[in-house]
There are 2 protein chains.
Amino acid sequence: MTQDYDKRPDDLRIDNLKIDDLRRAFRRQGLRLTPQKVTVWRLFADSTKGLTLPEACRALQEYAIGQATVYRVVNSLCELGFLLHIHGPNGEHRYLAGHSGHVHHLICRTCGHVREVTDCDLSTLEKLLAAQTGFAVEGHHLEFYGQCPRCTPLPG
Amino acid sequence: MTQDYDKRPDDLRIDNLKIDDLRRAFRRQGLRLTPQKVTVWRLFADSTKGLTLPEACRALQEYAIGQATVYRVVNSLCELGFLLHIHGPNGEHRYLAGHSGHVHHLICRTCGHVREVTDCDLSTLEKLLAAQTGFAVEGHHLEFYGQCPRCTPLPG
DNA sequence: CACCTTTATGATAATTTTTCTCAATGACTC
DNA sequence: GAGTCATTGAGAAAAATTATCATAAAGGTG
C-alpha cells in the first residue's frame, strides 16, 4: 500500500497538487517519491529565506531523516528545478523552493529575507552576448542585494 | 628591509602597478602586504577559470604557503574587491581575479572557461525593484551560463 | 492484495573542507 | 635600526560532504 502522506506534521503544510508534481517529476527520471522526499520538500517550501544543507539536516532530525538522505534529496530537487540555490548575507549556499517559473531574488544583506523578482528580460542582452562572444548562452543567474524595508535605516 | 618582490617565480607574472594597488588597499584597512599575499594574488590573476579554495591551497603548496594563509588572504582579497566569486560548471564556489571594475561573467558549463561581460545596465531594473518592493537595492550578481565556442557542437 | 524488482534509506565511516590556536616571524613606522 | 603589531604556518579541531552497505519500502505486476 502506498504511504499515507496525510500523516504529515501540521507545521509543514503542502498542497497535494504539488505532491503530484513531485511524483511525476521523480518518476520521469525513474526515481520514486518517498515520504522523506516530501518532508524535505515541505521544509524548504515553508522557508522564506532558504536553508543551507547543514541547517536542513538539523531541522529534519526531528523527523528522523538521515543526513545522507537530505543531501541526496536536495540534489535531486535542485536537478528537477524544485529548488534553486541562492547566496545568503555571508555568501553561504542556501537552497530555496522555487514557487514560480523563472525567477530571481532580492536578498536582504542584513536579515537574509528573500523576495522573488519576476520581471527580468535579459533575452536581448543574451542575444547580444551570444553575437559578441560566440557563446551559446543557455541561461543566467541573477541576484540582487540590498536592505529590506525592515532593515533599511530611515532616511534623514 | 622590505621583501624583494621581484624574486617571484617566472610562471606567476604580475605588473608592479598592481602590487602598489594591493599595498594601498591593504594599508587602508591597517593590513600589511606580504610576499604570501602577492603570491596568492598572482595565482588568481593568472587563472582564467577561477580557483576553488582547495585548488588554490594545493597550487600554493609549491610556494610553501600554508592553507590557513590561503583562506585568510582570499577572504581579504574578496573584501577588498580584488577577487570575485563565481560558480563553476558544477555549482562549486570559485574565486576569480576581477581585472576591470563592475563586471559579470559568462561561464561555459562544459569546460568552465570564463569570459567577462562588461555591458550591463540593470540600473533601470534596480530602480523599478526598489519602488516595487521597498528594498534599498545595493547591488547585484549576474552570471550567464552556456557553451563556449570550443564546446558548442556545430549546428546541423 | 501479495509478490517482486529495484530504488531509497539511515547508520556509520571516511574524506574533504574550513576554522581555530599559538609561538615565531617579519612588515612597516619612527 | 628598534619596536610594535599584523602575519604566518603547523597542527589540531570542527564542520561539511561523500561513500558504503545491509535493510526497508515504492511502485509495477499477476
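Sequence lines set the chain letters: A, B, ... in the order given, protein chains first and strands last, and positions in each chain run from 1.
- Ring-plane geometry between A:His85 and A:His93 is classed as tilted, the angle between the planes lying from 30 to 60 degrees on a 0 to 90 degree scale.
- Checking side-chain atoms of B:Gln36 against main-chain N and O of B:Thr34 turns up no donor-acceptor pair under 3.5 Å.
- Separating the CG atom of B:Leu60 from the C1' atom of D:dG9 is a distance of 13 Å, rounded to the nearest angstrom.
- Counting atom types as modelled, B:Arg32 pairs a side-chain N or O with a base atom of D:dC5 as donor and acceptor under 3.5 Å.
- One interatomic measurement links the two molecules: CZ of A:Arg28 to C1' of C:dT7, which rounds to 18 Å at whole-angstrom precision.
- For the atom pair CZ (A:Arg94) and CZ (A:Phe44), the distance works out to 9.5 Å, reported to the nearest 0.5 Å.
- Applying the 4.0 Å criterion to OP1 and OP2 of C:dG10, one finds that A:Gln36 has a side-chain N or O inside that range.
- OP1 or OP2 of C:dT9 sits under 4.0 Å from a side-chain N or O of A:Thr34.
- When distances run from any side-chain atom of B:Leu31 to the nucleotides C:dT18, C:dA8, D:dT7, the shortest one goes to D:dT7.
- Rounding to whole angstrom units, CH2 of residue B:Trp41 and C1' of D:dT7 are separated by 20 Å.
- Residues B:Pro54 and A:Ala68 each lie close to DNA chain C; by heavy-atom proximity, the contact nearer the 5' end of the strand is made by A:Ala68.
- A:His140 and A:His102 form a side-chain donor-acceptor contact under 3.5 Å, judged by distance and modelled atom types alone.
- Of the candidates B:Val73, B:Leu22, B:Val74, B:Asp46, B:Leu22 is the only one forming a side-chain contact (heavy atoms from CB on, under 4.5 Å) with B:Trp41.
- Distance CG (A:Leu22) to P (C:dA8): 14 Å, rounded to an integer number of Å.
- Side chain of B:Gln67, nearest nucleotide from D:dA26, D:dT8, D:dA12: D:dA12.
- One atom, CG of A:Leu33, and another, P of D:dG28, lie 12 Å apart when rounded to the nearest Å.
- Taking atom CG of residue B:Asn90 and atom P of nucleotide C:dT16, one finds them 17 Å apart after rounding to whole Å.
- With rounding to whole Å, A:Leu51 atom CG is found 14 Å from D:dA16 atom P.
- Using a 4.5 Å cut-off between side-chain heavy atoms of Ile, Leu, Val, Met, Phe, Trp and Tyr, with links allowed through other members, A:Val103 and A:Phe82 fall into different hydrophobic clusters.
- Checking side-chain atoms of A:Ser76 against main-chain N and O of A:Arg72 turns up a donor-acceptor pair under 3.5 Å.
- When the P atom of C:dC28 is taken as reference, atom CZ of B:Arg27 falls 6 Å away, rounded to whole Å.
- Scanning residues 69-79 of chain B for heavy-atom distances under 4.0 Å to DNA chain D yields B:Thr69, B:Arg72.
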